[in-house]
Amino acid sequence: GSRWSGGHATLLRSVWREELPITNALGIEVAEARDGALVLRMPLAPNRNHKGTAFAGSLSALTTLAGWSLLWLALREAGAEAHVVIQDSQMQYLLPVHSDALATALPPAPEAMAHLLESLRRHGRGRVGVEVVVRDVGGVEVARFGGRYVIGRAPMR
């Protein structure tokens with residue numbers, strides 16, 4: 001059951017290119033977008049540290065982007081043109097990452113999304129939390145992220 005059309009994922013990539021050029025430098029790609037979840041893949045090579053494992057800053061960027069992108073897609077799906085900005089986040093680095101990293105952004109609960117969309121409609125802004133789990137290519141959980149994002153209605157152009 002693909003909830004997001006391939007078109008939206010393609011659009012997301014062009015938004016990254018134009019507005020978030022660091023995604024290209026980090027080599028981040030959309031691995032999967034279905035059932036409301038989004039999986040991003042980040043290669044180890046351009047993101048390795050002095051020990052040959054994934055640099056914590058790159059993992060932080062990956063997870064922040066995964067949460068941002070998930071909300072960008074969900075809002076577009078809901079027909080809401082809005083800006084998404086990270087407000088705060090918490091990151092746990094559980095194990096060194098010796099391979100490419102796969103970040104899975106989990107969709108907020110339906111009630112949380114409904115509350116966000118209602119808040120956007122009424123007040124022009126809202127907040128919502130997103131959790132992201134990072135695994136290595138073997139499927140081992142290596143990091144975990146929780147981010148709170150502020151969503152504001154896009155200004156009329």
Check side-chain contact (heavy atoms from CB on, under 4.5 Å) between A78 and all other residues, then give those that pass, not counting sequence neighbours.
L117
Quick one, L40 and L102 - any side-chain contact, counting heavy atoms below 4.5 Å?
no
Residue pair V134 / V97, side-chain heavy-atom distance below 4.5 Å
no
Within the 4.5 Å heavy-atom criterion, are L106 and V132 side-chain neighbours or not?
no
For W72 and V84, which heavy atoms make the closest approach, and how far apart are they?
N-CG2, 4.4 Å
For R135, check salt bridge (Lys or Arg N to Asp or Glu O under 4.0 Å) against everything at least two apart and list the hits.
none
Hey, is the main chain of T64 close enough, under 3.5 Å, to the side chain of Y149 for a donor-acceptor pair?
yes
Are V39 and V130 joined in one hydrophobic group, where the rule is that I, L, V, M, F, W and Y side chains link up if heavy atoms are under 4.5 Å apart?
no
Tell me, which pairs form a salt bridge (Lys or Arg N to Asp or Glu O under 4.0 Å) where one or both residues lie in residues 84-107, sequence neighbours left out?
R41-D100, D88-R148
Hey, does T104 have a side-chain heavy atom less than 4.5 Å from the side chain of E141?
no
Can you tell me how far apart CD (Q90) and CD (Q92) are? Round to the nearest 0.5 Å.
6.0 Å
Does any part of the side chain of P21, heavy atoms only, come nearer than 4.5 Å to the side chain of R17, both counted from C-beta?
no
Nearest 0.5 angstrom please: H50 NE2 to F55 CZ, how far?
10.0 Å
Hydrophobic cluster membership, with links at side-chain heavy-atom distances under 4.5 Å among I/L/V/M/F/W/Y: are V133 and L44 in one?
no
Would you indicate whether the side-chain heavy atoms of I151 and S119 approach each other to under 4.5 Å?
no
Residues which pass salt bridge (Lys or Arg N to Asp or Glu O under 4.0 Å) with D136, listed by chain and number, not counting sequence neighbours
none
Are the side chain of R153 and the backbone N or O of R125 linked by a donor-acceptor pair below 3.5 Å?
no
Residues passing the salt bridge (Lys or Arg N to Asp or Glu O under 4.0 Å) test with R127, sequence neighbours excluded, are none
For A105 versus G67, what's the shortest heavy-atom pair and its separation?
CB-N, 4.2 Å
For R48, does the CZ atom have more than 12 heavy-atom neighbours from other residues, nucleotides or ligands under 6.0 Å away?
no
With rounding to the nearest 0.5 Å, note down the distance linking OG in S58 to CG in L26.
5.0 Å
If you measure from NE2 on H115 to CG on L120, what distance do you get to the nearest 0.5 Å?
10.0 Å
Taking the side chain as everything from C-beta on, heavy atoms only, tell me whether V142 gets closer than 4.5 Å to L94.
no
How long is the straight-line distance from CE of M42 back to CG of N47, given to the nearest 0.5 Å?
4.0 Å
May I ask you to decide if A56's main-chain N or O and S60's side chain share a donor-acceptor pair within less than 3.5 Å?
no
Got a second to check how far L11's CG is from W16's CH2, nearest 0.5 Å?
12.5 Å
Side chain of S99, backbone of V137: donor and acceptor closer than 3.5 Å?
yes
Residues forming a side-chain contact (heavy atoms from CB on, under 4.5 Å) with T53, sequence neighbours excluded:
N49, K51, P96, H98
Note, W68 side chain near L20 side chain (heavy atom, < 4.5 Å)
yes
Electrostatic pair E29-R13, nearest N-O below 4.0 angstrom:
no
If you count heavy atoms of other groups shown closer than 6.0 angstrom to CD1 of I22, is the number above 12?
no
